[in-house]
Amino acid sequence: MNRSAPLLAASIALALALAANSDTTPPVPAWEGLADVHLDVIPRTDEERARIAAITAAPVDFTVALPFEENSAGAGTVRPRQNADAFSQPLGNLSFEGELNFRVGNGLFRRLWVTAPASTLASDGLGPLYNARSCQRCHVKDGRGHPPEGPDDSSVSMFLRISIPAPTINAGPLSEIADYIATQGDPNYGTQLQDFSLPGFAAEYSLQIEYEEIEVALSGGETATLRQPTYDAVDLGYGPLHPDAMLSPRIANQMIGLGLLEAIPVEDILANADPDDRDGDGISGRPQIVWSLEYNQPMLGRFGHKAGNPTIREQSAGAFAGDIGISNALHPNGWGECTEMQMDCVAALHGGDPEQEGLEIDDVGLDLVTFYSQNLAVPARRDVDDPTVLRGREIFHTAQCAACHTPAFVTHRLERDPATSFQLIWPYTDLLLHDMGDGLADNRPEGRATGREWRTAPLWGIGMTETVSGHTYFLHDGRARNLLEAVLWHGGEAEASREAVIAMPPADRAALITFLESL
């Protein structure tokens with residue numbers, strides 16, 4: 001019943017599954033044998049591998065745009081609309097039948113869930129504790145969330161993860177056991193704090209943020225001001241937090257291009273991993289490895305700020321349970337995120353429908369929401385031939401930004417998913433974990449990610465954030481108010497890149513931002 005137990009059990013299973021590799025000489029990487037079991041893959045030929053290596057190679061000539069560079073999502077790229085619907089279009093190469101499923105999935109993504117019991121059986125089961133009444137309430141227009149802009153801001157799409165250190169577990173000779181057994185939920189509050197509740201139930205908390213202004217001197221006499229946040233959970237509804245509780249803020253990620261990220265071959269992602277920095281460039285990307293609830297085995301984590309989910313379906317199922325309190329096949333508890341300490345919440349009437357196997361959203365509904373999320377298009381690049389953009393692209397590479405924000409991949413050739421099959425895409429991410437330094441550290445481990453590590457965020461579409469979301473808040477908690485601030489928060493493995501940006505001529509720094517705005 002305790003929502004922390006499945007998380008800990010999955011972590012134990014993952015550690016045991018990986019322990020078998022630990023006594024091999026030479027050591028077998030912890031990710032050896034990971035496979036894309038969620039995809040129906042047609043293996044690549046040697047000729048295709050050679051073509052892919054050539055087309056995704058780093059630029060040599062920075063005075064011209066690369067072939068197909070404007071088509072961020074390959075054949076699925078769409079025209080960049082200059083309104084808030086720019087992120088809400090289906091992939092441009094989606095079939096007619098696919099577009100129909102996309103529209104139905106969009107309806108479910110926007111659905112407002114209500115209290116059970118209700119006459120609308122397909123829409124009841126909200127909560128009892130929740131962060132939002134619909135997927136759309138956090139991912140407004142499929143864009144980025146933001147922190148509160150004032151005490152009465154009702155459009156916030158932000159919450160706090162919470163966990164405590166897990167007990168030490170002897171899983172045999174696995175040398176990196178701490179990488180896998182990291183945390184468990186707070187006994188009173190579980191793994192996520194909900195700030196809304198149904199009538200008769202106390203919300204778990206209210207979010208309180210305070211900012212400290214930090215001035216950064218830049219070359220050319222310029223300055224930038226960063227804001228350092230401090231987070232607190234106040235108005236606690238179910239007793240005190242555990243004394244070792246670790247809190248980590250999250251804002252909603254943009255939704256575009258997720259199915260294409262899911263279709264990148266696992267071996268192409270792992271090829272960029274360099275946990276021991278053997279090439280000496282200071283960049284040490286590590287893969288997140290998580291236990292798949294759907295496939296019952298370790299898989300590469302790709303989605304979420306710390307890559308905590310392996311597939312879009314698992315990400316969607318977890319969000320239904322944690323954010324809205326809606327049970328589904330992967331999270332079947334009708335009480336959502338309530339813990340066994342929240343007895344009234346667990347005992348509350350839920351919206352499980354016998355015609356849906358006692359769940360509040362069945363597999364058909366979950367699959368439609370997943371399909372919608374997989375097939376949101378990426379708008380085309382703008383101004384790829386502009387001299388300032390081209391100069392900014394060169395700076396992006398010379399400052400080593402591309403060492404983590406890998407520009408291009410080619411997706412798997414797929415049997416049943418033609419829209420995402422064998423596409424040259426430009427997401428600007430390696431989907432790996434990187435140490436981002438003390439400044440961005442939340443000090444809360446998640447899976448294999450330490451308290452200083454974050455997944456490299458995709459950059460495609462980042463220049464249209466204000467058009468879609470009406471703001472320019474970036475990073476996992478929205479502390480950065482513009483792209484320059486986001487760059488200046490980079491530390492750890494990105495410290496050298498940050499210092500290069502600080503020291504470069506103002507015109508080059510402006511060109512870098514112009515390039516990012518073109519993505």
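Source: prediction; values computed, not measured.
- Taken to the nearest 0.5 Å, the OG atom of Ser518 stands 11.5 Å off from the CD atom of Glu70.
- Side-chain contact check for Ser327 and Glu360: at least one donor-acceptor pair (N or O, by modelled atom type) lies under 3.5 Å.
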| message | The test is side chain to side chain contact (heavy atoms under 4.5 Å, CB included); show your working for Gln254 and Leu376 and say whether it passes. | response | CA-CA 10 Å; Gln254 64 184 29; Leu376 282 160; over 6 Å; no
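- Judged by distance alone, with hydrogens and angles left aside, the side-chain atoms of Gln192 form no donor-acceptor pair with the main-chain N or O of Gly190 at under 3.5 Å.
- Between Arg381 and Asp386 there is no salt bridge, since no side-chain nitrogen of the basic residue lies less than 4.0 Å from a carboxylate oxygen of the acidic one.
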| task | Any chance you could lay out the side-chain hydrogen bond (donor to acceptor under 3.5 Å, both in side chains) test for Asp430 and Thr456, step after step, and finish with the verdict? | result | CA-CA 6 Å; Asp430 60 8; Thr456 304; 2.8 Å; yes
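- Ion pairing of Asp442 with Arg161 is absent here, as no side-chain N (NZ or NE/NH1/NH2) approaches a carboxylate O to less than 4.0 Å.
- The line from CD of Gln194 to CG of Asp323 is 8.0 Å long, rounded to the nearest 0.5 Å.
- Note that CD of Gln356 and CG of Leu366 are 11.5 Å apart. Values are rounded to the nearest 0.5 Å.
- Ring geometry for His476 versus His305: interplanar angle over 60°, hence perpendicular rather than tilted (30 to 60°).
- Using a 4.0 Å cut-off between charged side-chain N and carboxylate O, Asp363 and Arg313 make a salt bridge.
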| Steps toward side chain to side chain contact (heavy atoms under 4.5 Å, CB included) verdict (Leu91, Leu260) | CA-CA 10 Å; Leu91 288 172; Leu260 294 161; 4.3 Å; yes
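- Within the cation-pi definition used here (under 6.0 Å to the ring centroid, within 45° of the axis), Arg413 qualifies as a partner of Phe422.
- Judged purely by distance below 3.5 Å, without hydrogens or angles, the side chains of Gln89 and Arg81 pair a donor atom with an acceptor atom.
- A donor-acceptor pair under 3.5 Å is absent between the side-chain atoms of Arg479 and the main chain of Pro147, judged by distance alone.
- Contact check for Trp426 versus Val378: no side-chain heavy atoms found under the 4.5 Å cut-off.
- Of the possible donor and acceptor atoms, none in the side chain of Thr120 sits under 3.5 Å from a partner among the backbone N and O of Ala122.
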| Derivation of the side chain to side chain contact (heavy atoms under 4.5 Å, CB included) call for Leu126 and Ile324 | CA-CA 6 Å; Leu126 176 68; Ile324 313 178; 3.7 Å; yes
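- Considering CG of Asp142 and OG of Ser469, their distance stands at 9.5 Å, rounded to 0.5 Å.
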| Step by step, would you call Thr411 with Gln423 a side-chain hydrogen bond (donor to acceptor under 3.5 Å, both in side chains)? | CA-CA 5 Å; Thr411 61; Gln423 299 297 317; 6.0 Å; no
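- Side-chain atoms of Lys306 come within 3.5 Å of backbone N or O of Thr450 as a donor-acceptor pair.
- Put simply, OG1 on Thr388 and CD on Glu517 are 11.5 Å apart, with the number rounded to the nearest 0.5 Å.
- Relative orientation of the Tyr372 and Phe102 rings is tilted, given thresholds of 30° and 60° on the angle between their planes.
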| Passes side chain to side chain contact (heavy atoms under 4.5 Å, CB included), Gln342 versus Phe201? Steps please. | CA-CA 10 Å; Gln342 298 164 325; Phe201 299 91; over 6 Å; no
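- Atoms CG and CD, on Asn482 and Glu485 in that order, are 4.5 Å from each other to the nearest 0.5 Å.
- A donor-acceptor pair is defined here as one N or O able to donate and one able to accept, closer than 3.5 Å; no such pair exists between the side chain of Lys141 and the backbone of Phe87.
- In Glu357, the CD atom is not crowded: 12 or fewer heavy atoms of neighbouring residues, nucleotides or ligands sit closer than 6.0 Å.
- Using cut-offs of 30° and 60° for the angle between ring planes, the Phe320 and Trp113 rings count as perpendicular.
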| task | Could you give me the CA-CA distance, side-chain angles and deciding distance for Arg110 and Ser134, then say whether side-chain hydrogen bond (donor to acceptor under 3.5 Å, both in side chains) is met? | result | CA-CA 6 Å; Arg110 297 164 61 91; Ser134 71; over 6 Å; no
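- Looking at Asn71, its side chain never comes within 3.5 Å of a backbone N or O of Thr77 through a donor-acceptor pair.
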